[in-house]
Amino acid sequence: MSARVSKFERSVVDAFKGSVDDFRNGKIKSEDDLLASLYHHLRAHTDKNKIMTMLINHPLGDAKPAISIFKGEECLVVIEPLTITRVGDEIKPYDRSRIKSSMEKLKLCAPSSERGFLIHIDERDPGFDDGFAEWKEDYYRNLWHELEEDKTYIFEVKKGRTNKRRV
């Protein structure tokens with residue numbers, strides 16, 4: 001694992017927490033709003049020395065992840081966001097079938113990037129099991145926030161074992 005990717009991983013978590021605050025403050029009502037918020041918060045971490053580039057819906061291998069972050073020609077991180085949405089005072093869940101398509105997109109990006117994030121905001125524990133898969137080894141991260149408990153978690157696969165922890 002590249003030290004720069006694991007160091008940057010903390011920046012992705014911090015940017016996501018900024019987006020969770022935006023959701024709480026009513027600034028995020030759709031997935032496009034979440035994408036814009038993540039992009040905005042990630043800029044603070046990618047623009048420091050102008051050595052990283054962030055692209056939206058940029059082709060990478062056989063997929064177009066929502067956000068791709070490059071250092072030079074090398075793709076460090078790809079991100080696929082999902083979120084519950086607000087319509088007035090009502091909160092609506094995201095289409096659960098999109099989880100599979102987002103994970104499939106991350107899997108397609110695995111040979112071309114060093115880390116793939118599935119990022120989502122949920123009312124409560126999303127209740128799906130990521131499980132072990134060879135392609136996820138030290139690549140895949142599931143980062144989510146549960147509004148009901150007001151907690152943020154990350155799921156990862158390292159050394160053939162799964163790990164869920166609070167961040």
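Within the 4.5 Å cutoff, side-chain heavy atoms of Tyr39 are placed close to those of Ile56. Ser102 is listed as a side-chain neighbour of Leu82, based on a closest heavy-atom distance under 4.5 Å. A 4.5 Å side-chain heavy-atom check between Asp138 and Val157 finds every atom pair outside the cut-off. Side-chain atoms of Leu42 and Val12, non-hydrogen and from C-beta on, do get closer than 4.5 Å to each other. Between Lys136 and Met103 the shortest side-chain heavy-atom distance falls below 4.5 Å. The shortest side-chain heavy-atom distance between Thr152 and Phe16 falls under the 4.5 Å cut-off. Taking the side chain as every heavy atom from C-beta outward, Pro81 and His120 never approach each other to under 4.5 Å. Between Ile154 and Asn142 the shortest side-chain heavy-atom distance does not fall below 4.5 Å.
Cluster annotation: Leu108 is not connected to Trp135 through the hydrophobic network of ILVMFWY side chains, with a link wherever side-chain heavy atoms come within less than 4.5 Å.
A distance of 5.5 Å separates CD of Glu114 from CG of Leu76, quoted to the nearest 0.5 Å. In this structure, CD on Glu73 lies 9.0 Å from OG1 on Thr53, to the nearest 0.5 angstrom. Once rounded to the nearest 0.5 Å, the distance linking OG1 of Thr83 with CD1 of Ile121 reads 4.0 Å. Atoms CD1 and NE2, on Ile69 and His45 in that order, are 10.0 Å from each other to the nearest 0.5 Å. Of the inter-residue distances, the one linking Arg86 atom CZ with Lys27 atom NZ reads 12.5 Å to the nearest 0.5 angstrom. Rounding to the nearest 0.5 angstrom, the gap separating the OH atom in Tyr140 from the CZ atom in Phe132 is 13.5 Å.
A salt bridge between Arg141 and Glu9 is present, with a side-chain N of the basic residue lying under 4.0 Å from a carboxylate O of the acidic one. The pair Lys105-Glu80 counts as a salt bridge, with a side-chain nitrogen and a carboxylate oxygen less than 4.0 angstrom apart. Between Lys17 and Asp21 there is no salt bridge, since no side-chain N of the basic residue sits under 4.0 Å from a carboxylate O of the acidic one.
Under the ring pair (Phe, Tyr, Trp, His ring centres under 6.0 Å) criterion, Phe155 pairs with no residue at all, not counting sequence neighbours. Applying the side-chain hydrogen bond (donor to acceptor under 3.5 Å, both in side chains) criterion to Ser19, with sequence neighbours excluded, gives Ser37. With sequence neighbours excluded, the residues forming a ring pair (Phe, Tyr, Trp, His ring centres under 6.0 Å) with Tyr153 are Trp144, listed by chain and number. When the salt bridge (Lys or Arg N to Asp or Glu O under 4.0 Å) test is applied to Asp89, no partner is found at least two apart in sequence or on another chain. Partners of Phe70 under the ring pair (Phe, Tyr, Trp, His ring centres under 6.0 Å) rule, at least two apart in sequence or in another chain, are His58. Judged as a salt bridge (Lys or Arg N to Asp or Glu O under 4.0 Å), and not counting sequence neighbours, the contacts of Arg98 are Glu31.
In this structure, Asp122 contributes its side chain and Arg124 its backbone to no donor-acceptor pair below 3.5 Å. No donor-acceptor pair under 3.5 Å is formed between the side chain of Arg43 and the backbone N or O of Met54.
No side-chain donor-acceptor contact under 3.5 Å links Asp22 and His40. Counted by atom type alone, Asp32 and Ser30 present zero donor-acceptor pairs between their side chains at under 3.5 Å.
The minimum heavy-atom distance between Ser113 and Leu60, with the atom names listed, is CB-CD2, 4.2 Å. Pairing each heavy atom of Lys151 with each of His145, the nearest pair is O-ND1, 3.2 Å.
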Discussion item. For Tyr139 and Val78: C-alpha separation, side-chain torsions, deciding distance, then whether side-chain contact (heavy atoms from CB on, under 4.5 Å) applies.
Written reply: CA-CA 10 Å; Tyr139 165 76; Val78 293; 3.4 Å; yes

Discussion item. Run Glu137 and Lys159 through salt bridge (charged side-chain N to carboxylate O under 4.0 Å, His left out) and show every step you take.
Written reply: CA-CA 7 Å; Glu137 182 70 48; Lys159 298 179 184 171; over 6 Å; no

Worksheet item: Does the side-chain contact (heavy atoms from CB on, under 4.5 Å) test come out yes or no for Leu143 and Val13, once each step is laid out?
Response: CA-CA 8 Å; Leu143 177 63; Val13 171; 4.2 Å; yes

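More than 12 heavy atoms of other shown residues, nucleotides or ligands fall within 6.0 angstrom of atom CG in Asn57. Around atom NZ of Lys100, no more than 12 heavy atoms belonging to other residues, nucleotides or ligands sit under 6.0 Å away.
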